[in-house]
Student: 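Handing you a structure now.
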Amino acid sequence: MTDTKEAAGDYRSSRHNPHQIEPKWQRRWEETQSNAVDLFDHDRPKYYFLTMYPYPSGNLHVGHWWAVAPADAAARFLRMSGYNVFFPMGFDAFGLPAENAAIQAAREGSSDIHPAHLTYERMDHMRRQFKQMGAIFDWSKTLATCDPEYYRWNQWFFLRMFECGLAYRKESFVNWDPVDQTVLANEQVIDGRGERSGALVEQRLMPQWHFKITDYAEELLDFSKLDWPERVKIMQTNWIGRSDGASITFKSERGDDIVVFTTRPDTLWGATFMVLAPEHPLVDKLTTPDRRDAVDAYVKRAALASEIDRQAQGREKTGEFIGAYAVNPVNGERIPIWIADYVLMTYGTGAIMAVPYGDQRDFEFARQFGIDIIPVVRPTGVDRIVVEELREAYIGPGVMINSGPIDGTVHNGEKGRNSPAIAAAIDYLEKNGLGQGEVTYRLRDWLISRQRYWGTPIPMLYCDACGIVPETEENLPVLLPEDVEFMPTGESPLRHHEAFLNAECPHCGGTARRETDTMDTFMDSSWYWFRFLSPFKSDGPIDADLVKRWAPVDTYTGGIEHAILHLMYARFFTKVMRDLGLIDHDEPFLRLRNQGMILGEDNEKMSKSRGNVIDPDELIATYGSDTVRTYLMFLFPWDQGGPWNSQGIEGVTRFLNRTWALVTEPAANSGPTGYGDLKELRRAVHHAIREVTEDLRGFSFNTAIAELMTLLNVMVRAKSTSLVETAVWREAVESLLLLLAPIAPHITEELWERSGHEGSVHDQSWPGYDETALDTDSINMAVQVNGKLRGQITVPAGADEVEVLASAKAEHNVSRYLEGSSLVREIVVPGRLVNLVVKPNG
RNA sequence: GCCGGGAUGGCGAAAUAGGUAGACGCAACAGACUUAAAAUCUGUCGCCCCCUGGGGCAUGCGGGUUCGAGUCCCGCUCCCGGCACCA
């Protein structure tokens with residue numbers, strides 16, 4: 001204890017001291033269980049508000065605050081508005097970083113880091129940090145996905161999906177990350193590199209578990225029940241990639257069927273060659289001896305090339321003729337068969353009919369290798385098409401030519417049967433048994449296997465006698481063993497854990513080996529919001545009654561980076577649960593809002609290596625939680641994000657200090673009350689109520705705070721008058737605290753108490769506004785002459801057009817512009833402006 | 001290349017059924033209080049011209065519609081994000 005400290009304390013006594021009041025209220029709220037949610041409360045309408053749960057990285061960074069604090073304000077606002085709000089928080093606790101820490105330790109010869117211990121420690125720490133934020137999370141309903149009582153239900157779902165064929169194992173080309181030693185989903189490969197490791201991804205053929213998300217492709221394209229940002233819906237739609245077209249069966253000269261998919265069956269008569277993917281199974285069979293060496297070499301080169309290399313080859317088309325020919329089913333033309341890496345085995349059938357006239361890639365290929373081009377669509381206004389003069393493929397609308405039975409039909413540029421020419425072609429194919437209309441999707445099945453330790457074990461067994469056998473439900477959970485030794489190579493320790501590996505076959509009782517792959521962690525996040533409702537339920541994954549009452553989630557918030565992955569898997573999983581009879585709704589999250597990203601002060605993504613990371617703990621130590629929360633919400637629009645600015649926080653500190661002083665300091669009460677002051681103050685209060693209510697409803701936190709600052713400024717000016725004795729003043733103070741409560745929960749609670757109120761400010765009803773209080777006696781209007789602002793007038797609120805015009809014309813500056821001119825038009829926008837249109841005389 | 005989103009003072013930003021551009025805040029400048037500083041309070045603050053009153057120009061660039069355009073239409077430039085040989 002020192003004198004200076006005392007003095008500082010005295011000096012600051014009239015200032016807001018967050019370090020004193022914030023811990024005080026956090027303690028009080030915990031003691032009184034004020035954040036406890038009664039999920040069985042029927043009296044109020046329910047509201048399930050969810051924000052994406054974090055990975056337990058060890059510390060809340062400012063991005064967590066940026067994502068969560070405004071969501072908390074929105075949830076608090078809804079609670080005051082009369083809803084029973086459930087706003088839970090938990091941890092996405094499985095995943096690579098914790099395991100990598102253990103592997104790193106193993107490399108350094110130490111073995112005292114275990115992902116489980118590390119993860120639980122970090123979760124404890126982050127839970128304490130969340131409490132400092134003052135969020136209304138009910139911590140009695142939380143979950144961690146690495147808890148066996150959570151992941152056993154992942155396994156349970158897997159078994160259900162295996163039973164109905166939605167989970168299956170197949171050997172397929174997968175993205176192998178050589179650094180993380182695991183397979184990655186397509187979604188985790190960015191520009192040919194592993195999303196996490198940044199390593200160049202290799203193509204490997206491995207047996208892997210998949211979920212049949214493609215069965216739901218069509219339903220996933222339906223967003224009609226969702227209030228979601230347009231761009232998220234567009235991103236998912238593009239990812240699913242629906243293509244409307246036809247599949248057509250060509251025959252090789254030997255008689256093999258070669259099925260192709262095309263969106264332009266109308267151009268079939270213009271097919272002058274065929275291309276197979278290098279991996280296509282028919283390549284080997286059809287290649288002629290004289291082409292064998294060249295084809296083999298090309299196939300080998302294509303297999304070795306990673307995705308990024310294929311792209312790096314640029315626009316130049318490569319390929320090899322395989323010596324064989326196919327027959328165009330509609331006209332009997334003999335066309336050469338090529339292989340080329342621009343045709344992908346993973347899309348469509350891995351084979352295409354090539355129409356150089358109507359497809360840019362085919363055009364480039366044909367030009368590269370001197371293959372014929374047959375024009376099949378004549379654009380309007382063009383009489384003659386000179387093939388030699390074509391610079392690029394023609395993909396626009398026109399009349400079909402050189403196309404036998406569909407000659408003269410019109411391709412209007414639309415997709416599928418919406419184009420008469422395409423419809424005619426499909427009709428022709430179907431009538432003659434050569435093909436049929438078909439829809440394909442870019443979306444592929446969800447690759448769920450991960451060759452990692454720190455995840456949910458896939459509950460499957462390999463029995464020498466019975467083959468692939470599912471674990472029985474009674475044996476769940478298949479526990480992840482803790483006594484494992486991490487390999488410096490990064491290989492999963494499960495592969496060497498005898499006690500885990502050896503199991504009894506549930507079918508024959510013989511010996512079986514356990515699957516050592518674990519599940520993609522997106523499995524965990526595909527149903528976690530159901531589990532929040534009953535985290536300790538031991539006889540099933542979800543509580544059907546509570547789910548019926550609370551699901552789906554009313555508002556979900558989180559980063560745009562999950563626009564495709566997590567959000568699409570969650571939608572898929574919800575539909576699967578519905579089809580398994582577990583729930584009866586179709587969509588998990590009715591309303592979605594994405595926050596933008598908060599960047600470092602240098603306008604770059606925050607990262608340790610750049611040294612631009614903002615530490616929220618330091619900010620709180622200096623300013624307190626309320627200031628940090630409020631500043632984050634004030635800084636820029638939440639859905640936009642932007643760079644952190646360490647200067648601006650002072651403005652919010654001042655705002656909260658001024659609010660503190662307004663409520664705690666005695667009024668000067670000396671000045672006179674001006675005429676209309678009372679009404680003006682009341683107008684400002686009700687205007688603020690209206691604006692803040694609308695802003696919080698629409699997640700416009702920055703403008704809500706600006707409005708509160710405006711109200712405070714009005715009140716500070718009013719405080720020096722005798723207004724403070726009035727009921728209007730008391731209403732103003734109460735309203736200010738209520739409107740600010742969701743944003744800055746601690747200071748408002750303290751001031752609510754200090755201003756003599758019983759109970760918590762957070763248990764109060766959200767204020768409503770009085771429309772009539774917004775009326776004014778007189779209105780300011782702008783006066784324009786020929787659209788240019790020339791003056792201002794003040795007119796009585798009820799003034800009619802004649803009065804307004806008279807007043808406008810009399811305005812001294814305006815009248816100057818009217819002299820010597822004749823008035824040709826008068827425009828009055830009530831309450832806004834007058835525009836006088838004049839023409840010079842003569 | 002295709003699909004989204006964006007561009008407003010020195011800075012973060014407000015304002016769209018077309019109607020007074022720059023609310024709110026930061027920074028800056030000037031002043032008050034103070035022995036001084038901090039804090040606080042008051043004032044100024046888009047650019048340019050001018051004598052108070054005013055005037056001209058301004059929402060990325062160029063056109064258009066309109067009495068009136070940050071807002072609507074056409075054509076560009078740049079920035080950010082997603083997808084990327086998807087047949």
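Please read all numbers here as calculations on a predicted model, not as lab measurements. Numbered from 1 within each chain, the chains take letters A, B, ... in sequence-line order.
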Student: According to a strict under-4.0 Å criterion, is A:Lys415 in side-chain N/O contact with OP1 or OP2 of B:A87?
Tutor: no
Student: Counting C-beta onward and ignoring hydrogens, is there a side-chain heavy-atom pair between A:Asp341 and A:Tyr298 closer than 4.5 Å?
Tutor: yes
Student: What does nucleotides 22-32 of chain B look like as a protein-contact string, B for base, S for sugar-phosphate only, - for none, at under 4.0 angstrom between heavy atoms?
Tutor: -BBSSS-----
Student: May I ask you to say whether A:Arg690 pairs ionically with A:Asp695, meaning some side-chain N is under 4.0 Å from a carboxylate O?
Tutor: no
Student: Mapping A:His812 and A:Gly241 onto RNA chain B by nearest heavy atom, which one lands closer to the 5' end?
Tutor: A:His812
Student: What string of B, S and - do you get for nucleotides 62-67 of chain B 5' to 3' if you count protein non-hydrogen atoms under 4.0 Å?
Tutor: -----B
Student: Can you list everything that forms a salt bridge (charged side-chain N to carboxylate O under 4.0 Å, His left out) with A:Asp244? Sequence neighbours excluded, please.
Tutor: A:Arg242
Student: Report the residues that fulfil salt bridge (charged side-chain N to carboxylate O under 4.0 Å, His left out) with A:Glu230, sequence neighbours left out, ordered by chain and then residue number.
Tutor: A:Lys233
Student: Could you tell me which residues satisfy side chain to side chain donor-acceptor pair (under 3.5 Å) with A:Asn418, sequence neighbours excluded, listed by chain and number?
Tutor: none
Student: Taking only side-chain N and O atoms of A:Gln640, does any of them lie within less than 4.0 angstrom of OP1 or OP2 on B:A13?
Tutor: yes
Student: Not counting sequence neighbours, which residues clear side chain to side chain donor-acceptor pair (under 3.5 Å) with A:Ser821? List them please.
Tutor: none
Student: Say we look at B:G9 and B:A23: how far apart would their P atoms be, to the nearest angstrom?
Tutor: 13 Å
Student: Please answer whether the main-chain N or O of A:Gly435 pairs with a side-chain N or O of A:Thr249 as donor and acceptor at a distance below 3.5 Å.
Tutor: no
Student: Indicate, with a heavy-atom threshold strictly under 4.0 Å, whether A:Arg717 touches base, sugar-phosphate, or nothing.
Tutor: nothing
Student: With a non-hydrogen cut-off below 4.0 angstrom, is A:Pro643 in contact with a base, only sugar-phosphate, or nothing?
Tutor: nothing
Student: Can you identify which nucleotide, out of B:U20, B:C85, B:G54, has its nearest atom closest to the A:Leu833 side chain?
Tutor: B:U20
Student: Choose from B:A21, B:C85, B:A14 the nucleotide whose nearest atom is closest to any side-chain atom of A:Leu789.
Tutor: B:A21
Student: Which glycosidic conformation, syn or anti, is assigned to B:G55 if syn requires a torsion within 90° of zero?
Tutor: anti
Student: With rounding to whole Å, what would you report as the distance between B:U44 and B:A38 at their C1' atoms?
Tutor: 23 Å
Student: Can you check the A:Leu344 CG to B:A87 C1' distance for me, whole Å?
Tutor: 9 Å
Student: Taking B:A15 as the reference, what is the distance to B:A21 when you measure between their C1' atoms (whole Å, please)?
Tutor: 7 Å
Student: What contact category does A:Tyr817 fall into here, base, sugar-phosphate, or nothing, at under 4.0 angstrom with non-hydrogen atoms?
Tutor: sugar-phosphate
Student: From CD1 of A:Ile422 over to C1' of B:A87, roughly how many Å is that when rounded to an integer?
Tutor: 13 Å
Student: Just the rounded figure in Å: distance from C1' of B:G82 to CE of A:Met597.
Tutor: 13 Å
Student: Identify, with sequence neighbours excluded, every residue that meets salt bridge (charged side-chain N to carboxylate O under 4.0 Å, His left out) alongside A:Asp359.
Tutor: A:Arg361
Student: Applying salt bridge (charged side-chain N to carboxylate O under 4.0 Å, His left out), name anything that partners A:Glu650, two or more places apart in sequence or on another chain.
Tutor: none
Student: Counting any heavy atom closer than 4.0 Å, what does A:Phe261 reach on the DNA or RNA strands: base, sugar-phosphate only, or nothing?
Tutor: base
Student: Establish, with yes or no, whether the OP1 or OP2 oxygen of B:A87 is under 4.0 angstrom from a side-chain nitrogen or oxygen of A:Thr440.
Tutor: no
Student: Find the distance A:Trp638:CH2 to B:G5:C1' and express it as a whole number of Å.
Tutor: 18 Å
Student: What stems involve RNA chain B, if each pair must be Watson-Crick or G-U and both of its distances must be under 3.5 Å, with 3 or more such pairs in a row?
Tutor: B:1-7 with B:77-83, B:10-12 with B:24-26, B:28-32 with B:40-44, B:46-49 with B:54-57, B:60-64 with B:72-76
Student: Syn or anti: how is B:G9 classified when any glycosidic angle within 90° of 0 counts as syn?
Tutor: syn
Student: How far does the C1' atom of B:C24 sit from the matching atom of B:C45, given to the nearest Å?
Tutor: 15 Å
Student: In this structure, how many angstroms lie between the P atom of B:G82 and the CG atom of A:Leu567, rounded?
Tutor: 15 Å
Student: Among residues at least two apart in sequence or on other chains, which ones pass side-chain contact (heavy atoms from CB on, under 4.5 Å) with A:Gln360?
Tutor: A:Phe363, A:Glu364, A:Glu392, A:Ala393
Student: Determine the Euclidean distance between corresponding C1' atoms of B:A17 and B:C72; express it in Å to zero decimal places.
Tutor: 12 Å
Student: When you check the side-chain N and O atoms of A:Tyr623 and A:Thr630, is any donor under 3.5 Å from an acceptor?
Tutor: no
Student: Please state how far atom CD in A:Glu826 lies from atom C1' in B:G19, giving the value in whole angstrom units.
Tutor: 17 Å
Student: Work out how far the C1' atom of B:G56 is from that of B:G4, and round it to whole angstrom.
Tutor: 40 Å
Student: Residues in side chain to side chain donor-acceptor pair (under 3.5 Å) with A:Gln436, at least two apart?
Tutor: A:Ser247
Student: If the P atom of B:G22 is compared with that of B:G10, how far apart are they to the nearest Å?
Tutor: 16 Å
Student: Looking at B:G81, I'd like to know if its phosphate oxygens (OP1 or OP2) sit under 4.0 Å from a side-chain N or O belonging to A:Arg231.
Tutor: no
Student: For A:Ile234, answer base if it contacts any base atom (sugar-phosphate contacts may also be present), sugar-phosphate if it contacts only those atoms, and nothing otherwise; contact means non-hydrogen atoms under 4.0 Å.
Tutor: sugar-phosphate
Student: Please enumerate all residues that pass side-chain contact (heavy atoms from CB on, under 4.5 Å) together with A:Pro637, with sequence neighbours excluded.
Tutor: A:Asp639, A:Gln640, A:Asn702
Student: Separation of A:Asn657 atom CG from B:A38 atom P, in whole Å?
Tutor: 17 Å
Student: Using ring centroids (six-membered ring only for Trp), state whether A:Tyr342 and A:Phe365 fall under 6.0 Å.
Tutor: yes
Student: Roughly how many Å apart are B:C51 and B:U71, using the C1' atom of each and rounding to a whole number?
Tutor: 38 Å
Student: Expressed as a whole number of angstroms, how long is the span from A:Arg790:CZ to B:G68:C1'?
Tutor: 13 Å
